[in-house]
2 protein chains.
Amino acid sequence: MTARYIEIYQQLKTGIVEEKYPADSFLPSEAKIADQFSCSRDTVRKALLRLDEDGFIQKQHGRGSQVLKHSLINFPISGLTSFQELKEVQGLDAATKVVLFETIKSDPSNYHKTAFPIGTNLYHIIRVRNIDGLASVIDEDYFDQKIVPHMTAKIASGSIYDYLENTEKLIIAYAEKSVTAELVTSTDRKWMPNLAVQENRLIQVESRVHLADTTYFQHTISRHRPDKFQFNEFSRRQKTF
Amino acid sequence: MTARYIEIYQQLKTGIVEEKYPADSFLPSEAKIADQFSCSRDTVRKALLRLDEDGFIQKQHGRGSQVLKHSLINFPISGLTSFQELKEVQGLDAATKVVLFETIKSDPSNYHKTAFPIGTNLYHIIRVRNIDGLASVIDEDYFDQKIVPHMTAKIASGSIYDYLENTEKLIIAYAEKSVTAELVTSTDRKWMPNLAVQENRLIQVESRVHLADTTYFQHTISRHRPDKFQFNEFSRRQKTF
DNA sequence: CTCTATTTGTCCGTATGTATT
DNA sequence: TAATACATACGGACAAATAGA
């Protein structure tokens with residue numbers, strides 16, 4: 001069922017994480033890996049391409065594939081990763097409180113904010129994320145009810161993405177994101193009571209999320225405490241094409 | 001010299017940008033594109049993979065490749081894109097002033113900052129970026145002199161990446177980046193005199209940059225005016241592998 | 001709902017080019 | 001120069017998803 005190259009990707013990744021292939025060492029050549037797995041070199045190359053993209057190895061023409069230090073904990077703003085997934089991966093002491101759950105209709109007054117066509121029925125949800133007991137993120141979501149018809153406050157208090165993908169079987173594909181530093185509002189201070197008075201901005205990540213068939217279904221605004229905000233990323237030099 | 005699949009990528013991309021293939025329409029099937037270019041389907045698939053990664057199309061199993069709205073101007077923090085390149089792509093009215101150019105040796109007092117081994121000879125450069133006449137970014141760079149032996153203040157006032165790649169023929173491959181919101185210092189205010197007094201933080205992007213052979217050669221700290229900071233990104237949902 | 005045509009996804013094998021050592 | 005390793009390209013086969021009759 002799962003593709004052969006995915007299995008090979010996973011096994012090589014495990015070998016890297018468990019230091020069977022330590023940092024700075026080279027993986028076996030593509031031909032040797034193909035022998036080990038009794039598959040074609042093409043299949044191995046697909047696996048190595050993913051490892052390269054994910055920052056586990058650096059491929060080098062004529063030399064081999066070198067294992068990179070995977071020191072950085074990935075806190076991806078890029079990549080579409082839910083808070084719940086981050087919590088699990090990073091083992092955070094985190095809790096979610098749903099502070100608003102309502103259904104609204106998109107109208108001219110909020111169109112600029114949500115970018116949904118006027119008249120679209122939406123869920124409007126606000127959640128506060130507490131990390132180590134401190135209110136650290138305010139998430140405001142809008143979901144198209146045509147796509148997500150059975151949202152509840154209970155679902156919102158857990159993992160919405162887990163629900164969307166595993167229960168509703170939606171295939172979440174891509175998002176346009178923008179990151180800015182926005183002025184603190186009185187509403188922000190209400191949900192983040194411990195924010196120091198001299199802090200005048202929150203880090204805002206705004207996302208428009210689409211399904212695999214390009215349907216636009218979610219708009220999210222995440223506002224982060226500036227003194228707690230950090231994200232780490234592995235990035236490759238853009239080829240100039 | 002340039003690979004066939006790159007040519008195909010470029011031509012399709014041009015067709016999308018010039019709206020020969022408008023948003024929401026479908027590209028011809030892989031087989032048809034292969035016919036048009038008299039190449040194999042494998043070669044077409046490589047081109048489409050890049051277009052998909054770059055957010056120009058959405059591939060859909062059994063359906064085709066749909067053209068996406070490419071509304072967002074990419075201001076990549078991810079992706080390793082130099083200020084000079086951004087300036088050219090976005091047509092910014094931007095100027096660079098080199099405010100510090102010195103050679104130093106890495107020692108215990110700055111090791112935590114640069115992460116270069118103690119005793120490494122380094123160029124230390126600080127540049128202020130003015131956009132529309134306003135000091136908007138402070139860039140602080142450290143370069144390993146073993147890798148970049150002939151840096152000058154004149155080069156630093158232009159495009160260092162252009163120099164590194166085209167003159168020194170270095171192949172810049174990847175970076176570990178972190179983004180945080182750091183407290184404003186008196187030095188920051190010196191270089192950004194118009195920063196409002198109530199602003200207490202700058203958005204900081206810190207990068208450790210490596211060459212294709214994994215050599216670590218550059219450490220950069222970019223501090224952005226919070227009221228001017230914005231970056232947009234196209235991002236895909238991480239497969240859970 | 002079934003069948004079929006179309007389209008993309010995966011995998012294989014082979015050949016040749018190019019970079020590194 | 002020669003051996004090794006990755007990059008590109010071709011062609012074929014079958015699986016899986018989609019759409020429409």
Side-chain angles (χ1 to χ4, degrees), chain A residues 1-12 21 24-53 56-68 169-174 211-215 236 239 241, chain B residues 1-12 21 24-53 56-68 165 169-171 173-174 211-215 236 239 241:
Chain A
M1 184 62 178
T2 66
R4 192 89 177 90
Y5 78 93
I6 301 293
E7 290 174 21
I8 295 169
Y9 166 91
Q10 288 167 330
Q11 288 207 32
L12 291 173
Y21 305 114
D24 291 335
S25 72
F26 283 80
L27 294 183
S29 72
E30 295 175 352
K32 280 175 189 158
I33 296 173
D35 274 355
Q36 284 178 26
F37 287 94
S38 303
C39 69
S40 71
R41 209 187 124 210
D42 181 66
T43 301
V44 173
R45 282 180 60 74
K46 275 187 191 151
L48 295 185
L49 178 64
R50 303 293 297 255
L51 289 170
D52 189 82
E53 287 171 351
F56 288 102
I57 64 171
Q58 171 69 31
K59 306 194 79 195
Q60 295 171 63
H61 194 165
R63 219 154 85 96
S65 292
Q66 194 167 4
V67 177
L68 300 182
K169 303 293 183 192
L170 299 179
I171 300 172
I172 297 159
Y174 65 93
L211 301 178
D213 66 359
T214 78
T215 307
R236 292 201 165 273
K239 309 295 185 302
F241 299 164
Chain B
M1 183 61 178
T2 65
R4 191 88 177 92
Y5 76 93
I6 301 293
E7 292 173 22
I8 295 169
Y9 166 91
Q10 288 167 330
Q11 287 208 32
L12 292 174
Y21 304 115
D24 291 335
S25 72
F26 282 80
L27 294 183
S29 72
E30 295 175 353
K32 281 175 188 158
I33 296 174
D35 275 354
Q36 283 178 26
F37 286 94
S38 303
C39 69
S40 70
R41 203 185 132 211
D42 180 66
T43 302
V44 173
R45 282 181 60 75
K46 276 187 188 147
L48 295 185
L49 177 65
R50 302 294 298 254
L51 289 170
D52 188 82
E53 288 171 351
F56 288 102
I57 63 171
Q58 171 69 30
K59 307 195 82 203
Q60 294 172 63
H61 192 168
R63 218 154 86 96
S65 291
Q66 194 167 4
V67 177
L68 299 183
E165 294 187 317
K169 303 293 182 193
L170 298 179
I171 300 172
Y174 64 94
L211 302 177
D213 66 359
T214 76
T215 308
R236 291 200 167 272
K239 310 295 185 304
F241 297 165

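Chain naming here is simple, since letters A, B, ... match the order of the sequence lines and numbering starts at 1 in each.
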Checklist line | Any pair counted as salt bridge (Lys or Arg N to Asp or Glu O under 4.0 Å), so long as it reaches residues 3-12 of chain A, sequence neighbours left out | finding: Arg4(A)-Glu7(A)

Margin query: With no hydrogens and no angle check, just 3.5 Å: does a side-chain donor-acceptor pair link Gln58(A) and Arg236(A)?
Written below: yes

Checklist line | Qualifying residues under side-chain contact (heavy atoms from CB on, under 4.5 Å), relative to Arg45(B), sequence neighbours excluded | finding: Glu30(B), Arg41(B), Lys59(B)

Item checked: Contact state string [nucleotides 8-21 of chain C, B base, S sugar-phosphate only, - no protein heavy atom under 4.0 Å] -> BBBBB----BBBSS

Next item on the list: Please confirm whether the backbone N or O of Phe26(B) pairs with a side-chain atom of Arg63(B), one donor and one acceptor, at under 3.5 Å?
Entry: no

Notebook entry, point to check: Given Phe56(A), which of Leu12(A), Leu27(A), Leu51(A) fulfils the side-chain contact (heavy atoms from CB on, under 4.5 Å) condition?
Noted result: Leu51(A)

Item checked: With Ile171(B) via side-chain contact (heavy atoms from CB on, under 4.5 Å) - residues at least two apart -> Ala212(B)

Item checked: N/O (side chain, Lys32(B)) to phosphate O (OP1/OP2, dT6(C)) under 4.0 Å -> no

Check: Between which nucleotides of DNA chain D, read 5' to 3', does contact with chain A run, using atoms under 4.0 Å from its heavy atoms?
Finding: dA5(D) to dT8(D)

Item checked: Leu68(A) side chain near Tyr174(B) side chain, heavy-atom distance below 4.5 Å -> yes

Check: Taking only residues two or more places apart in sequence, or in another chain, which ones meet Asp42(A) in a side-chain hydrogen bond (donor to acceptor under 3.5 Å, both in side chains)?
Finding: none

